[in-house]
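Lettering follows sequence order; numbering is per chain, from 1.
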Amino acid sequence: MQKTDAINIEITINSGQVFLWNKIEEQWLGVNGQDVLILRQSPFSLKSSGSIDNFLRKDDDLNKILKNISIDKTVGEAVKQSPGLRLIRQDPFQCYISFICSSNSSIQNIKFMLENLCRKFGTKKEFEVHELHTFPKVETLANATMKELLDCKLGFRAKYVKKAAEAVNSNKINFKDLQKADYQTTIRSLKEILGIGNKVADCIALFSLDKMEAFPIDRWTQRILLKYYKKKFSNITEKPVTEKKYEKLHDEIVEYFGPYAGYSQQFLFKMERDLNKKSWL
DNA sequence: TCATCACCTGGAGA
DNA sequence: ATCTCCAGGTGAT
């Protein structure tokens, strides 16, 4: 009998939260900011090249959260299908840049772009027997030229990344403050950055800034709401979710799914993509 | 306020 | 081979 707070590494990494991970033999090797991490399922271990601040959110009371979000058959089934799926607490800057790059792009392409950024701007690091590049530092990316960013195949996202990095470098965006701020304040602040809309802001808030009421609404989430919750959220259609609708919808979602709505989203998202046999990392 | 459209890029399918 | 369409969106008009 598996304990409900047991983390399944494979499922967690392959759930669209993180991109800079590779499976090497029985271990998952990944980059989180300036740290290199190695995760192993059995026997369970987490090794880090640096000090890591609760990457796997051990402080979350999973029994409580899972009970809280299992409010209907759909979420209940999603939780059952992905036992051990957990939210990760990512390095905020890496998460911020990652999801700016995610716009109109596939998981494989996002990974490709981020790996290019690490190779060009990151620090080469040896850990255990492995060697890889860490994520670029804020200052480095802020001072990168457009040509360098375009060489990383970011395309139209290159200018977004540059400006976003500059905003952090100048302290216009301060992740420590945002971690302490409430959800609305955080979203509003992030959306001032070019290239960050509602969906990307929700991803950053959920995956790196401890906002569990964030519920990113993308094509998949929209499909899920339409498929399983059409009655509950009457204004959801197959058409793109407009700015005004997004905020209203989000309010209704939190009202229905509760304070851990972000966790429900993660389970639902994982279930529906697996159901459609979409590939992960 | 809302609908349309372009946008870099790589990969899949015609 | 070459083209078209799409991929976990956003911003400009």
Let me know the distance between [atom1] of [X] and [atom2] of [N], rounded to the nearest Å.
| X | N | atom1 | atom2 | answer |
| --- | --- | --- | --- | --- |
| A:Arg219 | C:dC5 | CZ | P | 14 Å |
| A:Ile107 | B:dG10 | CD1 | P | 18 Å |
| A:Glu243 | C:dG9 | CD | P | 15 Å |
| A:Leu268 | C:dG8 | CG | C1' | 14 Å |
| A:Asp151 | B:dT9 | CG | P | 10 Å |
| A:Trp220 | C:dA7 | CH2 | P | 8 Å |
| A:Glu238 | B:dA3 | CD | P | 12 Å |
| A:Lys278 | C:dG8 | NZ | C1' | 10 Å |

Work out how far the [atom1] atom of [N] is from that of [M], and round it to whole angstrom.
| N | M | atom1 | value |
| --- | --- | --- | --- |
| B:dG11 | C:dT10 | P | 24 Å |
| C:dT4 | B:dA6 | P | 14 Å |
| C:dG8 | B:dG13 | P | 14 Å |
| B:dC5 | C:dC6 | C1' | 16 Å |

Beyond-backbone contact of A:Cys152 with A:Leu149, side-chain heavy atoms, under 4.5 angstrom: no
Result of checking A:Leu39, A:Leu29, A:Val31 against A:Trp21 for side chain to side chain contact (heavy atoms under 4.5 Å, CB included): A:Leu39
Checking contacts here: which listed nucleotide ([options]) is nearest the side-chain heavy atoms of [X]?
| X | options | value |
| --- | --- | --- |
| A:Asn109 | B:dC2, B:dT9, C:dA7 | B:dT9 |
| A:Asn104 | C:dG8, B:dT9, C:dA7 | C:dA7 |
| A:Phe112 | B:dC8, B:dT1, B:dG10 | B:dG10 |
| A:Lys153 | B:dT9, B:dC2, C:dG8 | B:dT9 |
| A:Phe99 | B:dT9, B:dC2, C:dG8 | C:dG8 |

Could you list, one pair per line, each protein nitrogen or oxygen that sits under 3.5 Å from a nitrogen or oxygen of nucleotides 10-13 of chain C, together with the distance?
| unit_1 | atom_1 | unit_2 | atom_2 | d |
| --- | --- | --- | --- | --- |
| C:dT10 | OP1 | A:Gly197 | N | 2.9 |
| C:dT10 | OP1 | A:Gly197 | O | 3.4 |
| C:dT10 | OP1 | A:Val200 | N | 3.0 |
| C:dG11 | OP1 | A:Gly195 | N | 2.6 |

A:Phe135 ring center within less than 6.0 Å of A:Phe121 ring center: no
Near-ring test A:Phe233/A:His250, centroid separation under 6.0 angstrom: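 Between A:His250 and A:Phe233, the centre distance exceeds or equals 6.0 Å.
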A:Trp280 six-ring face occupied by A:Arg273 cation (under 6.0 Å, within 45°): yes
For [X], is the [atom1] atom crowded, meaning more than 12 foreign heavy atoms sit under 6.0 Å from it?
| X | atom1 | result |
| --- | --- | --- |
| A:Glu131 | CD | yes |
| A:Lys125 | NZ | yes |
| A:Glu128 | CD | yes |
| A:Lys191 | NZ | yes |

Considering all heavy atoms, the nearest A:Ala201-A:Leu190 contact: O-CD1, 3.7 Å
Side-chain donor/acceptor contact of A:Arg273 with base of C:dG8 under 3.5 Å: yes
Paired stretches of DNA chain B - 3 or more consecutive Watson-Crick or G-U pairs, each distance under 3.5 Å: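 Expected stems, ordered by start: B:3-7 with C:9-13, B:9-14 with C:2-7.
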Sugar-phosphate only, base, or nothing, as touched by A:Ser279 at under 4.0 Å among non-hydrogen atoms: nothing
